[in-house]
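A quick write-up on the structure given underneath.
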Amino acid sequence: MIPRNPTEAHRNFFQEVHEVVRLVPAGRVTTYGAIAHYLGARHGARMVGWAMMAAHTADAYVPAHRVINRNGQLTGRLHFATPTAMQEALEAEGVRVLDDEVQDFRRLFWDPTTELE
DNA sequence: GTACTGACGGCTT
DNA sequence: TAAGCCGCCAGTA
């Protein structure tokens, strides 16, 4: 667990989210809700997405392309450098993406709550 | 100071 | 089983 600094609570929230995303293995994907649940669901899944929006401002690299919504759709692809960057990054890792939707999503799903315990 | 919006998810109808 | 509505927290107008 990552210690929190009361003076920078939201910044640590970003760090926690980014930390979890970095743990996602290449070729696997996770969801906003799974991360929110892993962090105790104290913030809505929306906050996780909001934290992802700030992923590019993080010092360390955050594989944001491995985080998608619960439907397996690449809802955040428009926030990448190019609209196709997210899909291409996933396909480069062996994840099949068709029409902005991860194929065989249920099998590729990586849940931090059960994987990290 | 109030209201709307957003990389979403779960519950209810 | 599918579709719709409401809630989470923070930022911006």
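In what follows, chains carry the letters A, B, and so on, assigned in the order in which the sequence lines appear, proteins first and then strands, with residues in each chain numbered from 1. Predicted, not measured: the structure shown is a model, and the values here were computed from it.
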Any pair with a residue in residues 81-90 of chain A that passes salt bridge (charged side-chain N to carboxylate O under 4.0 Å, His left out), sequence neighbours left out, goes on the list, sorted by first then second residue, please.
->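 Qualifying pairs: none.
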Nearest non-hydrogen partners of A:A58 and A:H18, listed with the distance | CB-ND1, 3.5 Å
Which pair of heavy atoms, one from A:A64 and one from A:V21, lies closest together, and at what distance?
->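 Shortest heavy-atom separation between A:A64 and A:V21 comes out as N-CG1, 4.3 Å.
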Whole angstrom value for the distance that separates [atom2] of [N] from [atom1] of [X]:
X	N	atom1	atom2	answer
A:M52	C:dA10	CE	P	18 Å
A:M53	B:dT5	CE	C1'	11 Å
A:H37	C:dC8	NE2	P	17 Å
A:W50	C:dC8	CH2	P	17 Å

Spell out, as yes or no, whether a donor-acceptor pair under 3.5 Å connects the side chain of A:Q103 to the backbone of A:E101.
-> yes
Should A:V24 and A:M53 be counted in the same cluster of Ile, Leu, Val, Met, Phe, Trp and Tyr side chains packed under 4.5 Å apart?
-> yes
Would you mind listing every side chain to side chain donor-acceptor pair (under 3.5 Å) that reaches into residues 22-33 of chain A, with sequence neighbours excluded?
-> A:E19-A:R22
So which residues get pulled into A:L98's cluster when ILVMFWY side chains under 4.5 Å apart are joined, directly or through others?
->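 Noted: A:L98 shares its cluster with no other residue.
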For A:L74, what are the other residues in its hydrophobic cluster, where any two members join if their side-chain heavy atoms are less than 4.5 angstrom apart?
->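 Cluster partners of A:L74: A:V29, A:I68, A:F80, A:M86, A:L90, A:V95, A:V97, A:V102, A:F105, A:L108, A:F109.
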Where along nucleotides 8-13 of chain B does protein come under 4.0 Å, by heavy atom, of base (B) or sugar-phosphate alone (S), with - for untouched nucleotides?
-> BSS---
Give me the residues of residues 79-105 of chain A where at least one heavy atom lies under 4.0 Å from an atom of DNA chain B, by number, or none.
-> A:H79, A:F80
Interatomic distance at P, B:dA7 relative to C:dA3, whole Å | 23 Å
